[in-house]
K.L.:
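Here's a structure for you.
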Amino acid sequence: MFDSLPVLPPDSILGLAAACRADPNPNKVDLTLGVYMDETGLCPVFEAVQQAQQALVNEEQTKVYMPPQGDPDYLAGIRALVLGEAGMARLGDRSSAVQTPGGCGAVRLGAEVLFAAAPDATVWVSDPTWPVHIPLMGSVGLHFKTYRYYSPELKGLDFAAMLADLDAASPGDVVLLHGCCHNPSGVDPTQEQWGELADLIAQRGLLPMVDFAYQGMGAGLDEDAAGIRALLERVPEMIIAVSSSKNIGLYRERAGAVLFVGGDARAAEAMASQAISAARRVYSMPPAHGALLAGRVLSSPELRSGWQAELAQICERINGLRGDFRDALTSATGRDFDFIGTEHGMFSFLGLSVEQAQRLREQQSVYILDSSRINVAGLNAHNLSRVVEAVASVL
Ligand code: LMR
């Protein structure tokens, strides 16, 4: 049966991370995968998560299945974090939440619910978007169109083009937005632009689906939720896919949640029930460990304040690295890299060609994606000048 089954090529991001791991050069630099790394190059476990884990190990008495909807503490914590107090009050019982295996699971269950409600809906995705969005949602049966977003000429957001494209969408179409720290460009709308975007989405009768994987890594927990909250003020329905991989550092534990906003309590309940049923068709129950840890961190005042402080330091460090990298690249090349300092989160396009990105990897052992996306959080005091020299040499 499998004799002629094709062997598939590796994933465009994970494959390059694997190539970097296999490179014997001791001075290699991995800027591929979107994971936060500290000054020593380690993707650390948050102190608050370590404490929660110790307590869980001491106290856990069963490994029985999780409830299909997920851990109530985790879901309550994520809802409050994302929607904010005002959002929670505004929505009342019009929102629901389901725990998922990571942010990918959340996007997938969100897509399942969209397909169940509107199988012919078109999903508008930014050009470019995270490459996994299309297979993740497309394999449910949804169809896509792109809206203009990142302009290589402007090295930033082409907001007028974005609005023009979305203005041509039909009522009932879905707009997939990145809540903050756009992946792959690092370019986000300003607060004012979020307001305009939300107005347009409401006027055109579009449904926003927000991928929210980096809250707290761009400018701060509340600052990064400003776009979602602007939408909540204006639209009756929405889907939000949340990941706890990055901002609680639970990558391998696969902790995430999909939040639903319906026109009324019945609709919110129906959306959650469809998500739970879709999960049952594929993996049945969500994984426990990461969500139990995050639930403890978010519901304990002490752990939560420790986590928030550590997250704020991470955010500050990424923004500091952006400034250092911008300055060093500008002085090494004489070119304008100001955009690196104004973007948010882990990612930035260096503006290199595919061939230049390949040369960086093959000749310099500096691993970036073909699109020239780098993970800024992979830079540190030890490798920054090496990366700058390598980029200058391929330019
Ligand atoms: C990335 O874009 O590198 C991250 O979101 C990790 C992944 O799964 O691709």
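All ligand and atom numbering here is 1-based and tracks the order in the structure.
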K.L.:
With sequence neighbours excluded, what pairs up with Tyr214 under the ring-ring contact (aromatic ring centres under 6.0 Å, His included) test?
P.N.:
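Tyr214: ring-ring contact (aromatic ring centres under 6.0 Å, His included) contacts with Phe347.
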
K.L.:
Regarding Thr32 and Arg373, do their side chains bring together a donor and an acceptor under 3.5 Å, going by distance alone?
P.N.:
no

K.L.:
Not counting sequence neighbours, which residues clear side-chain hydrogen bond (donor to acceptor under 3.5 Å, both in side chains) with His178? List them please.
P.N.:
Thr129

K.L.:
For Ser4, what residues pass the side-chain hydrogen bond (donor to acceptor under 3.5 Å, both in side chains) criterion, not counting sequence neighbours?
P.N.:
none

K.L.:
What residues come within 4.0 Å of ligand 1, counting heavy atoms only?
P.N.:
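Within the 4.0 Å shell of ligand 1, which is judged on heavy atoms, sit Ile13, Leu33, Gly34, Trp130, Asn183, Tyr214, Lys246, Arg373.
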
K.L.:
Is the ring pair Trp130/His133 parallel, tilted or perpendicular, if the boundaries are 30 and 60 degrees?
P.N.:
perpendicular

K.L.:
Taking atom types as modelled, find out whether Asp127 and Thr146 have a side-chain donor-acceptor pair closer than 3.5 angstrom.
P.N.:
no

